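No experiment lies behind these values; they were computed from the predicted model shown.
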Amino acid sequence: MEKSSLNNDSTESTELEFVVDESLAGERLDHVLLHYFPELSRSRLQSWIKNQQVKLNDTVFTKPKQRVVGGEVLAVVPSLLDQGEWKAVDLDFEVHYEDDDLLIVNKRAGLVVHPAPGHYQDTLVNGLLFRYPELRKLPRAGIVHRLDKDTTGLLVVAKTPESHKHLVDQLQRREFDREYLALVHHTLVAGDTISLPIGRHQQVRKKMAVIMDERANAKEAITHYRIEQKFPHFTLLRVKLETGRTHQIRVHLSHINHSIVGDPLYSVRNLKPRRMNEEFSEVFDSFKRQALHATCLGLVLPSSGKKMEWRVDVPDDLNRLIKAIDKYDIPH
């Protein structure tokens, strides 16, 4: 992988390559960059284009409105200034596995992954930069994929430019194995696959939605699920992602009227079962987040080429809720 000297920073940065996803065909170049660097502002990404830091199929384009056709090789030399603006903060987070190439983090509930409005110094990125200062040289401090703030479980962080590219390539080829446990409302009778496009909600900007209008430029999204355990008013699902759209599992399950328990965005209100006893009601009401946990992650190690898989148990709060449902949820 070539090293390039940046005009606006004296520190060397590695050129990163991506194959433009076919779902992005027709998009502006700055919008495509936002797909691969979602935590950065569009103005910052436009400056990369104007500073000749972005190429498509080895051709430099300097206009953000340049359209892509899909399938091109997108080469980017990210300015290290982006990561340099993020503050290193001593935060608590669990490293489940570590080698010379990567970290597997077991994320706790409430931990935001990337800095964003309202969360500039209390994110996983801030904690990573404190514990691993060398990650400042990598896009998104090495984070390859993300979990929502209140989703728990496993995610991978690259430690070197080479491993970052290797992992991003795997993710693009859909070679990551990502398995979740999701506790949903109502009883499902069988597993299935949901293959419905997801895009930005047209009225509520912080939400995503299933959008069937081809003009809306929604992206392909595929979610597989099977039943782990049935209850009278709930179902525990084991969910596998084929694609990784924002809020994908939450949106897809809500769309089929089996929203995730505790989901503040996509769960219909007043789904609490009637005639709950006091202990069951207390446990249910005290659970203040979506009941979604990334329990398994599998990928190929960049250096050795060995396929590895990691698993973690559900956190205590979700385990307590599932046990209460198993004990007290009765048919009406």
With sequence neighbours excluded, residues passing ring-ring contact (aromatic ring centres under 6.0 Å, His included) with His31: none
- request: For the pair Phe37 and Trp48, name the ring-plane relationship: parallel under 30°, tilted 30 to 60°, perpendicular over 60°.
  value: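 Perpendicular.
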- request: Decide side chain to side chain donor-acceptor pair (under 3.5 Å) for His224 and Thr193; before the verdict, give the C-alpha distance in whole Å, the side-chain angles of both, and the deciding distance to 0.1 Å.
  value: CA-CA 4 Å; His224 308 282; Thr193 293; 2.7 Å; yes
- prompt: Pick from Lys288, Arg289, Lys323: which one makes a salt bridge (Lys or Arg N to Asp or Glu O under 4.0 Å) with Asp317?
  reply: Arg289
Please determine, by modelled atom types, if [X] and [Y] share a side-chain donor-acceptor pair under 3.5 angstrom.
X      : Y      : result
His166 : Gln170 : yes
Glu220 : Thr243 : no
His185 : Ser259 : no

task: Output, in order, the C-alpha distance, side-chain angles, deciding distance and verdict of side chain to side chain donor-acceptor pair (under 3.5 Å) for Asp122 and His119.
output: CA-CA 6 Å; Asp122 60 352; His119 295 278; 3.1 Å; yes
Are there over 12 heavy-atom neighbours, none belonging to [X], within less than 6.0 Å of that residue's [atom1]?
X      : atom1 : result
Lys207 : NZ    : yes
Asp99  : CG    : yes
Asp285 : CG    : yes
Asp316 : CG    : no
Lys65  : NZ    : no

Step-by-step side-chain contact (heavy atoms from CB on, under 4.5 Å) determination, Leu299 to Trp310: CA-CA 9 Å; Leu299 53 84; Trp310 300 268; 3.7 Å; yes
